[in-house]
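To start, I am sharing the structure in question, which I have written as structure tokens.
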Amino acid sequence: MKTPKEECMDFEERRSLVIVKEEPDKDPDFVTEGKGKKRKRKADKTDGPSSTSEAPLDSSPKNENYPILYSPSSLPSASIHAKSDPFVSMGLIKAFASDAFVPKKKKKKSAEEGQGNSATVKKKKNKDKKEKVIKEEGECSVSTKKKKTKEEIQAARALKIKKKEEEEKQRWRWWEEEKYEHGIKWKFLEHKGPYFPPDYQPLPDDVKFYYNGKAVKLSLPAEEVALFFAQMLDHEYTTKEVFRNNFFRDWRKEMTLEERQLIMDLNKCDFGELHTMHKEKVEARKNMSKEEKLVNKELNQKIVEEYGFCVLDHHRERIGNFKIEPPGLFRGRGDHPKQGMLKKKIRPEDVIINCSKDSRIPEPPAGHRWKEVRHDNTVTWLASWTENVQGSCKYVMLNANSKLKGEKDWEKYEVARRLRSCVDAIRTQYQEDLKSKQMGTRQRAVALYFIDKLALRAGNEKEEGETADTVGCCSLRVEHITLHDTLDGQKCVVEFDFLGKDCIRYYNKVPVAKRVFKNLKLFMENKQGGDDLFDRLNTQVLNKHLSSLMPGLTAKVFRTYNASITLQQQLKELSNMKDNVVEKLLSYNRANRAVAILCNHQRAPPKTFDQSMANLQAKIDSRKEQLDLAKKELKQAKKEAKGSSDNKLLIVVEKKKKAVQRCEEQLLKMEVQATDREENKQIALGTSKLNYLDPRITVAWCKNMEVTLDKIYNKTLRDKFAWAVDMTEQDFVF
DNA sequence: ACTTTCACTTAGGATATCTACC
DNA sequence: GGTAGATATCCTAAGTGAAAGT
């Protein structure tokens, strides 16, 4: 196998060896008008550079690696939304994500095995599983419960195993079945329709709203909306001008004529009593007795039981979001122009039901009817409605552990794996395209370079004024990047600073290939900050090109591919069979973290972070003292036992030895935990685990490292990835 | 060719629940 | 048994990308 460095050289060589072919002088891109006009505020488009020849560009730096990773020690440490607080600069570490692994061709059991013998295979598998379960149980019960009697432990264990078995039996092993013809999602679908939230309960008489100091009894609709606002008073939202204005405008629409004439100024409104009432309610909920909580839980269970499942092709499947979204105030992220607007109550008359013709059609709530009942088996949703704030459609769909979602997920990773086999050629091509005479092609090449190297999102156009101002790759504007010929000793550095999805800030300084750098300069010539960086490119153009390179290839596949290949590569690099479980898990988390950073998955640092970190440190310190003490005691005991053959003394020595060992283990565990937590302060690992990392990599790693899967995947994740858990062998390679 | 619509994935924060510890 | 902190689940907003409409 090649070393990473050799890999890198290969890539460089491949690129420099490519013969530069001059394109014919025709350039259709220069003739046609630029891209669509959704973004209106853009200044007049400057024409791209003329097709006069460019000085040849030097070859790029030798350490051109894909994708870029950060070392754990140089994590960003500033607030994630705020623009004012720049991140500390991030150090780069080398990573080689291209061809470090050679895939072994492995046939899918499911497809090849006939129905007949798959039964025997299944049996064997179940037996294997049973043994594994017993092993796991044995391991964890030793460390946790000690007080219970042996019988109790046994009984609990047996029950758990039985439950697992039961579940396993119930599981629909859809991945062993034949797929439907293209476009058909199901043949039979039956459900009870969505669950509607309870109606609004009017305020008690002693809770009053005041306007200008005077108590005002509001009409029911106005009161309900007032309460939405009152409930949020502790939230920052309610101080924002846009939020307040939007709320007030929509609230007034719900008022009666008299109310509207009276209530003219939000600042004169006093929601204090409503707010207090709400807080008391929350408090009361928290302080409910165990019994009350149990009753509540059972009530919820009942709702889930009734509305939370559907029948899809003979199998009972969990629905993901069977509850209609309750009315409230719209909470957009970041500077959303529509924040605070009233999200209206959804009535059955707004809801479209989708199910089988020959199923029991869901009953609308008494006195109501559905907007429509249709029977479309080319889609996966069970119900839908149009939401009033953005005018977009909302869907009721299945849970992630369902066949419909699972199959799609599996497919997603298979597409990403296919990219693996042609990514080299694609990279070679876009490196070549950087020199193209056509402006559009060059822009496409640079965008692709960013998408591949930095895992940027595609960046569809958005309608201006409808959403917060966020961008992705294709929608980057000149103001979002700064070019540095040299920065901190590095050449051709691009400084990115923009708000991406969910208004999460992307801030990064990246050395790029010289050709890329030169092109960027060119793209920015004669443009204002607000102009599109890629004025001849959009996601449709880009994806059309990508799909011509490989069927199914789109911009987002690169994110999946680079995330998964990075995990695999980092796991290989970081984990060590000789480590103990705790250390292995730290390695996994670090690999996971490298991906999260690559994909810019951030989170707000937990509010209690500093405190809990200090607490942990205190615990570590006290444990250290304990260890010292234990060591001293051991020494003493040894001294006493020396020369003596008194059994008692020897036993004491053994005991003390054990104590020291235990102390050391606990200390290590805590120290590892502290490291892990510190590195994770504002990184969210969950998103990549859930959406970007091929679960088979993790399953195989667990098998190789002899780590039980539940250390990494919780129950939900194990269910979601049941297909991968079932089919993945130790030697799986992404 | 451009715009709009539709269906579906991806995302972070809020809330509920669990667990380890006193 | 009460509590803080960790973890899981819920919630729904905000993306992607293909197809349909014009």
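Below, all heavy atoms of this structure are taken into account, side chains as well, without hydrogens, waters or symmetry copies. Each chain gets a letter, A, B and so on, in the order the sequences are listed, and its residues count up from 1. Computed from a prediction, not measured in an experiment: that's the story for all the values here.
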- prompt: Among dA11(B), dA13(C), dA16(B), which is the nearest nucleotide to the side chain of Lys394(A)?
  reply: dA13(C)
message: Under 6.0 Å from the ring centre and within 45 degrees of the ring axis: does the NZ or CZ of Lys185(A) meet both conditions for the six-membered ring of Tyr180(A)?
response: no
task: Measure from CD on Gln682(A) to P on dG12(B) and round the result to the nearest Å.
output: 12 Å
Ring centers of His191(A), Phe309(A) separated by less than 6.0 Å: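 Ring-ring flag for His191(A)/Phe309(A): false, centres at least 6.0 Å apart.
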message: Please compare Gln540(A) and Tyr692(A) by the position of their nearest nucleotide in DNA chain B and report the one closer to 5'.
response: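 This one resolves to Gln540(A).
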message: If the cut-off is 4.0 Å, is His336(A) near the phosphate of dA14(C), judged by side-chain N/O to OP1 or OP2?
response: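 True: His336(A) side-chain N/O within range (under 4.0 Å) of dA14(C) OP1/OP2.
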- line: Atom CZ of Phe322(A) and atom C1' of dC10(C) are separated, to the nearest Å, by 10 Å
query: Closer than 4.0 Å, any side-chain N/O of Arg457(A) to the OP1 or OP2 of dA11(B)?
result: yes
message: If you compare every side-chain N and O of Asn460(A) against the phosphate oxygens of dT16(C) (OP1, OP2), does one of them come in below 4.0 Å?
response: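 For dT16(C), OP1/OP2 do have a side-chain N/O of Asn460(A) under 4.0 Å.
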- request: Please state how far atom CG in Leu717(A) lies from atom P in dT7(C), giving the value in whole angstrom units.
  value: 14 Å
message: In whole Å, I'd like the distance from the OH atom of Tyr413(A) to the P atom of dT9(B).
response: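 Taking OH of Tyr413(A) and P of dT9(B), I get 12 Å after rounding.
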Under 4.0 angstrom between Lys501(A) side-chain N/O and dA13(C) OP1 or OP2: no
message: Of the listed nucleotides (dG15(C), dA7(B), dC8(B)), which one gets closest to any side-chain atom of Arg374(A)?
response: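 The closest nucleotide is dA7(B).
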- request: Please determine, for the side chain of Asn543(A), which listed nucleotide (dG15(C), dG12(B), dA18(C)) has the closest atom?
  value: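 Closest nucleotide among those given: dA18(C).
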- prompt: Would you say Lys408(A) reaches dA7(B)'s phosphate, i.e. side-chain N/O to OP1/OP2 under 4.0 Å?
  reply: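 It does not, given that no N or O in the side chain of Lys408(A) lies less than 4.0 Å from OP1 or OP2 of dA7(B).
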query: Is the closest basic N to carboxylate O distance between Lys405(A) and Asp409(A) below 4.0 Å?
result: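 A salt bridge is absent here (no side-chain N lies under 4.0 Å from a carboxylate O).
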field: Gln390(A) vs dA14(C): side-chain N/O to OP1/OP2 distance below 4.0 Å
entry: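 So the side-chain polar atoms of Gln390(A) do come within 4.0 Å of the phosphate oxygens OP1 or OP2 of dA14(C), strictly under.
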Trp385(A) six-ring face occupied by Lys345(A) cation (under 6.0 Å, within 45°):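 Pair Lys345(A)/Trp385(A) does not count as cation-pi.
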field: Nearest-nucleotide comparison on DNA chain B, the residue closer to the 5′ end among Arg285(A) and Ala684(A)
entry: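 The 5'-side residue here is Ala684(A).
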field: Phe498(A) ring center within less than 6.0 Å of Tyr506(A) ring center
entry: yes
message: Under 4.0 Å from OP1 or OP2 of dC8(B): is there any side-chain N or O of Thr380(A) that close?
response: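 So the side-chain polar atoms of Thr380(A) do come within 4.0 Å of the phosphate oxygens OP1 or OP2 of dC8(B), strictly under.
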- request: Name the closest nucleotide to the Arg603(A) side chain, picking from dG13(B), dA14(C), dT3(B).
  value: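 My answer, after comparing the listed nucleotides, is dG13(B).
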message: I need the CH2-C1' distance between Trp410(A) and dT9(B), as an integer number of Å.
response: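 Whole-Å distance recorded here is 19 Å.
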- line: Winner on side-chain proximity to His601(A), out of dA13(C), dA11(B), dA14(B), is dA11(B)
task: Give the nucleotide from the list dG15(C), dT12(C), dT9(B) with an atom nearest to the side chain of Lys405(A).
output: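 The answer is dT9(B).
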- prompt: Would Tyr692(A) and His601(A) count as a close aromatic pair, with their ring centres under 6.0 Å?
  reply: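 Centroid distance Tyr692(A)-His601(A): below 6.0 Å, so yes.
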Nucleotide of dT12(C), dC18(B), dT9(B) approaching Arg333(A) most closely (side-chain heavy atoms):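 Output: dT12(C).
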message: Does dG15(C) have its OP1 or OP2 closer than 4.0 Å to a side-chain nitrogen or oxygen of Thr470(A)?
response: yes
- prompt: Between dT16(C), dA14(C), dT12(C), which nucleotide has the shortest distance from any of its atoms to the side chain of Lys556(A)?
  reply: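 Closest nucleotide among those given: dT16(C).
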task: Return the value, rounded to whole Å, for the distance between atom OH of Tyr506(A) and atom P of dA14(C).
output: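 Whole-Å distance recorded here is 22 Å.
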- prompt: Separation of Trp381(A) atom CH2 from dA7(B) atom C1', in whole Å?
  reply: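 Rounding to the nearest Å, CH2 of Trp381(A) and C1' of dA7(B) are 10 Å apart.
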- prompt: Where the side chain of Asp409(A) is defined as all heavy atoms beyond and including C-beta, which of dC8(B), dT12(C), dT10(B) is the nearest nucleotide?
  reply: dT10(B)
task: Looking only at side-chain atoms of His235(A), point me to the closest of dA14(B), dC11(C), dC8(B).
output: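 Shortest atom-to-atom distance from the side chain points to dA14(B).
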- prompt: Can the ring centroids of Phe496(A) and Tyr507(A) be said to lie less than 6.0 angstrom from one another?
  reply: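 No.
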query: Once you round it to whole Å, what is the distance between P of dG12(B) and CG of Leu685(A)?
result: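 Whole-Å distance recorded here is 11 Å.
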